[in-house]
Engineer: 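My questions all concern the structure below.
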Amino acid sequence: MEKKHFNDAHDTIESVIAIDQARKAAQQKKDAASAEMNQISKSIGALMAQGKREEAEAAKAKTGELKENIKALEAEMAAEEEKLTQALLQIPNVPYSIVPEGKGAEDNVAVKVGGWNFGEPLKKLAEGNRSFDADGNGIALRDWPASEDPQPAFAKLPHWELAKKYNLIDFDLGVKISGAGFPVYIGQGARLQRALINFFLAEANKAGYTEIMPPTVVNQASGYGTGQLPDKEGQMYHCEVDDLYLIPTAEVPVTNLYRDEIIDEANLPIKNCAYTECFRREAGSYGKDVRGLNRLHEFSKIEIVRIDTPDHSDASDAGARGRSAAEAGVAVSYSPSLRR
RNA sequence: GGAAAGUUGUCUGAGUGGUCGAAAGAGCCACACUCGAAAUGUGGUGUACGCAUUACGUCGUACCGGGGGUUCGAAUCCCUCACUUUCCGCCA
């Protein structure tokens with residue numbers, strides 16, 4: 001948790017424990033009061049059955065104060081429970097053990113750099129690298145300095161200029177009908193997008209992931225289920241009339257399929273993938289980060305979700321991580337949008 | 001959008017105010033019978049929290065779609081929300 005800059009991790013855990021203690025104490029008091037009440041009620045029933053009216057009435061008279069007391073104790077217990085829930089919601093998921101610690105994108109570590117065969121430089125670098133296929137095309141592990149990255153023979157253009165030059169994407173039309181961050185893919189651009197979706201889905205299918213086509217709008221419980229709520233409330237589009245959220249990733253519906261379910265270990269791993277449009281408000285993004293396709297309010301993404309036992313997910317890095325990455329062809333999620 | 005009926009344990013399905021956590025059947029588990037199986041018989045068979053714990057729990061509370069209310073007492077009455085089914089309306 002400290003990796004997530006969860007600085008007061010220790011305090012939070014301590015306070016969760018303390019709140020839980022308070023909750024237990026409240027429950028004990030409330031349970032005791034309820035027990036007394038139940039006993040009296042029972043006795044009233046018995047007295048009535050015996051026709052002892054007056055005694056029953058007398059017993060009834062005693063219950064008033066007790067009832068008030070129970071109400072108060074119930075409120076106290078509910079308050080402690082709510083406090084506990086809120087405290088627990090503050091605790092983030094534990095990051096994957098290989099995730100590097102860092103403050104921003106610049107601290108990220110490239111695990112794999114891909115490149116198609118632009119020409120000699122890459123081909124040369126590829127020699128001795130097992131990741132290349134017979135044609136010399138493929139994914140290469142970057143074991144060369146960035147300055148030696150392969151250079152294509154043609155002039156490089158940023159993607160938004162390429163997209164304009166070949167009329168693949170019209171950003172202005174997107175602004176017209178929706179707003180910034182909603183590009184309109186046209187002709188070959190649209191076909192490319194569709195092809196990428198197909199390609200990545202096919203790869204995931206090959207790796208044994210079952211294709212899911214979920215709703216792209218979810219209820220609040222699903223938002224909490226995968227932790228978008230309460231943390232990222234402001235980043236999601238919210239349809240207030242129906243209290244539904246547009247999904248920021250297929251992870252939300254595909255994972256919530258199993259919310260509140262206990263899965264028999266024999267049925268693991270569960271491997272699902274899904275293509276959906278994803279919606280993000282991207283509040284707070286600015287500048288070059290949002291240029292072209294870099295940050296969109298709506299984009300296409302293929303997500304893969306694997307549900308497995310803990311010893312298959314984190315503990316044995318080389319095994320589990322390598323396996324799922326290899327099976328899927330890429331690490332965690334595919335993004336078929338034309339970024340980068 | 002309007003109306004009606006419904007939502008009970010793993011399943012089917014009883015239960016309209018007082019030992020109902022909940023009948024019955026099915027399923028499942030154990031045992032018996034059997035060479036084995038089937039059939040049959042007997043017993044058992046929900047969850048959460050709390051408490052207790054060397055061990056066993058004739059221990060407490062809560063849960064009959066969710067939430068709230070009435071009552072000494074609610075699966076049972078009232079309100080509300082969600083969902084399911086059916087009908088009407090509206091509309092791609």
Side-chain angles (χ1 to χ4, degrees), chain A residues 12-91 177-178 182 184 212-230 233 236-247 252-268 270 276-277 279 298 307 310:
Chain A
T12 300
I13 301 302
E14 287 300 321
S15 89
V16 163
I17 293 170
I19 294 168
D20 191 48
Q21 294 295 341
R23 196 206 98 245
K24 283 184 189 175
Q27 179 176 348
Q28 282 171 37
K29 280 194 285 179
K30 185 250 150 196
D31 281 359
S34 296
E36 194 183 346
M37 187 65 145
N38 286 343
Q39 215 170 9
I40 294 174
S41 292
K42 231 177 231 179
S43 74
I44 291 175
L47 290 171
M48 297 288 254
Q50 293 166 26
K52 295 177 182 168
R53 248 210 174 188
E54 284 173 23
E55 283 178 52
E57 288 301 326
K60 265 194 204 183
K62 285 200 302 190
T63 59
E65 196 181 335
L66 195 52
K67 213 174 165 184
E68 289 304 311
N69 191 25
I70 287 176
K71 249 186 182 166
L73 290 171
E74 271 174 352
E76 190 186 327
M77 191 173 128
E80 293 299 340
E81 242 157 36
E82 178 60 20
K83 259 159 77 182
L84 185 62
T85 305
Q86 289 309 319
L88 289 173
L89 283 172
Q90 296 310 312
I91 298 177
I177 60 170
S178 301
F182 294 96
V184 175
I212 306 283
M213 190 177 258
T216 44
V217 170
V218 297
N219 58 28
Q220 202 178 59
S222 294
Y224 278 98
T226 29
Q228 276 72 27
L229 293 173
E233 169 107 58
M236 283 196 287
Y237 288 96
H238 184 204
C239 310
E240 285 186 31
V241 219
D242 299 298
D243 197 17
L244 295 170
Y245 294 84
L246 270 60
I247 59 169
V252 178
V254 174
T255 308
N256 273 284
L257 255 25
Y258 305 92
R259 165 159 49 88
D260 295 334
E261 301 282 336
I262 292 170
I263 300 161
D264 193 332
E265 195 172 329
N267 295 327
L268 298 177
I270 289 171
T276 66
E277 288 296 286
F279 304 89
E298 174 173 348
I307 298 174

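Naming convention: chains lettered A, B, ... in sequence-line order (proteins, then strands); numbering from 1 in each chain.
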Engineer: I'd like the P distance from B:C83 over to B:A30, given in whole Å.
Structural biologist: 42 Å

Engineer: Given that both distances must come in under 3.5 Å, which nucleotide forms a Watson-Crick or G-U wobble pair with B:U84?
Structural biologist: B:A5

Engineer: Closest-nucleotide mapping onto RNA chain B: is A:M48 or A:E81 further toward the 5' terminus? I mean the 5' end.
Structural biologist: A:M48

Engineer: In whole angstroms, how far is the P atom of B:A48 from the CE atom of A:M77?
Structural biologist: 16 Å

Engineer: Using the P atom as the reference point in each nucleotide, state the distance between B:G46 and B:G9 in Å, no decimals.
Structural biologist: 14 Å

Engineer: Kindly determine whether A:Q86 and A:Q90 satisfy side chain to side chain donor-acceptor pair (under 3.5 Å), including the steps that lead there.
Structural biologist: CA-CA 7 Å; A:Q86 289 309 319; A:Q90 296 310 312; 4.7 Å; no

Engineer: Applying the Watson-Crick and G-U wobble criteria at under 3.5 Å, what pairs with B:U34? Answer none if nothing qualifies.
Structural biologist: none

Engineer: Return the pairing partner of B:U45 with a 3.5 Å limit on both distances, Watson-Crick or G-U wobble; otherwise return none.
Structural biologist: B:G27

Engineer: Give me the distance, rounded to whole Å, that separates B:U85 from B:G65 when you measure between the C1' atoms they each carry.
Structural biologist: 15 Å

Engineer: Side chains of A:M236 and A:L246: does their closest heavy-atom pair fall under 4.5 Å?
Structural biologist: no

Engineer: So which nucleotide does B:A52 pair with, by the Watson-Crick or G-U wobble rule with both distances under 3.5 Å?
Structural biologist: none

Engineer: For A:K29 and B:A62, what is the distance between atoms NZ and P respectively, to the nearest whole Å?
Structural biologist: 17 Å

Engineer: Nearest whole angstrom, please: distance from the P of B:G73 to the CD of A:E57.
Structural biologist: 13 Å

Engineer: Tell me which residues in residues 214-222 of chain A lie within less than 4.0 Å of RNA chain B, going by non-hydrogen atoms.
Structural biologist: none

Engineer: Between B:C81 and B:A3, how far is it from one P atom to the other, in whole Å?
Structural biologist: 11 Å

Engineer: Determine the Euclidean distance between corresponding P atoms of B:A23 and B:U8; express it in Å to zero decimal places.
Structural biologist: 16 Å

Engineer: Quick one: does any side-chain atom of A:D20 pair with a main-chain N or O of A:V16 as donor and acceptor, under 3.5 Å?
Structural biologist: no

Engineer: Pick out which of A:E81, A:R23, A:K30, A:K29 makes a side chain to side chain contact (heavy atoms under 4.5 Å, CB included) with A:E76.
Structural biologist: A:K29

Engineer: Ignoring hydrogens, what is the shortest heavy-atom contact between A:A33 and A:L73? Give both atom names and the distance.
Structural biologist: CB-CD1, 3.8 Å

Engineer: CD/A:E36 to CG/A:D31 distance, rounded to the nearest 0.5 angstrom?
Structural biologist: 13.0 Å

Engineer: Grab the CG-P distance between A:L73 and B:G60 for me, whole Å please.
Structural biologist: 19 Å

Engineer: CG of A:L47 versus P of B:U19: gap in Å, rounded?
Structural biologist: 15 Å

Engineer: What distance do A:I70 atom CD1 and A:M77 atom CE have between them, rounded to the nearest 0.5 Å?
Structural biologist: 12.0 Å

Engineer: Can you sort out which residues in residues 31-41 of chain A have a heavy atom within less than 4.0 Å of RNA chain B? Ascending by number, please.
Structural biologist: A:D31, A:S34, A:A35, A:M37, A:N38, A:S41

Engineer: A:N69 CG to B:U61 C1': how many Å, rounded?
Structural biologist: 15 Å

Engineer: Salt bridge or not between A:K71 and A:E68? Use side-chain N to carboxylate O under 4.0 Å.
Structural biologist: no

Engineer: Does A:K67 place a side-chain N or O at less than 4.0 Å from the phosphate oxygens OP1/OP2 of B:G73?
Structural biologist: yes

Engineer: Tell me which of A:K30 and A:G45 sits closer to the 5' end of RNA chain B, going by the nucleotide each one is nearest to.
Structural biologist: A:G45

Engineer: Classify A:K62 by what it touches in the nucleic acid, base, sugar-phosphate, or nothing, heavy-atom distance under 4.0 Å.
Structural biologist: nothing

Engineer: In whole Å, what is the span from the NZ atom of A:K71 to the C1' atom of B:U71?
Structural biologist: 11 Å

Engineer: Starting from P on B:G50, measure out to CD on A:E74 and report it in whole angstrom.
Structural biologist: 17 Å

Engineer: Side chains of A:I247 and A:V217: does their closest heavy-atom pair fall under 4.5 Å?
Structural biologist: no

Engineer: Looking at B:A22, which nucleotide sits across from it as a Watson-Crick or G-U wobble partner, both distances under 3.5 angstrom, or is there none?
Structural biologist: none

Engineer: When you measure from the side chain of A:T226 to the backbone of A:S222, do you find a donor-acceptor pair of N or O atoms at a distance under 3.5 Å?
Structural biologist: yes

Engineer: Taking the C1' atom of each, how far is B:U34 from B:G41, in whole Å?
Structural biologist: 13 Å

Engineer: Looking at A:Q28, does any N or O in its side chain come under 4.0 Å of the phosphate oxygens OP1/OP2 on B:U61?
Structural biologist: no

Engineer: Considering only the C1' atoms, how many Å lie between B:U70 and B:C29, rounded to the nearest integer?
Structural biologist: 44 Å

Engineer: Could you measure the distance from the CD1 atom of A:I44 to the OG1 atom of A:T63? Nearest 0.5 Å is fine.
Structural biologist: 6.0 Å

Engineer: Which nucleotide, B:C49, B:U19, B:G73, lies nearest any side-chain atom of A:K42?
Structural biologist: B:U19

Engineer: Please state whether the rings of A:H238 and A:Y245 are parallel, tilted or perpendicular, taking 30° and 60° as the class boundaries.
Structural biologist: parallel

Engineer: Just compare B:C51, B:G60, B:G18 and give me whichever is closest to any side-chain atom of A:K24.
Structural biologist: B:C51

Engineer: Determine the interatomic distance between C1' on B:U10 and the same-named atom on B:U16; round to the nearest Å.
Structural biologist: 27 Å

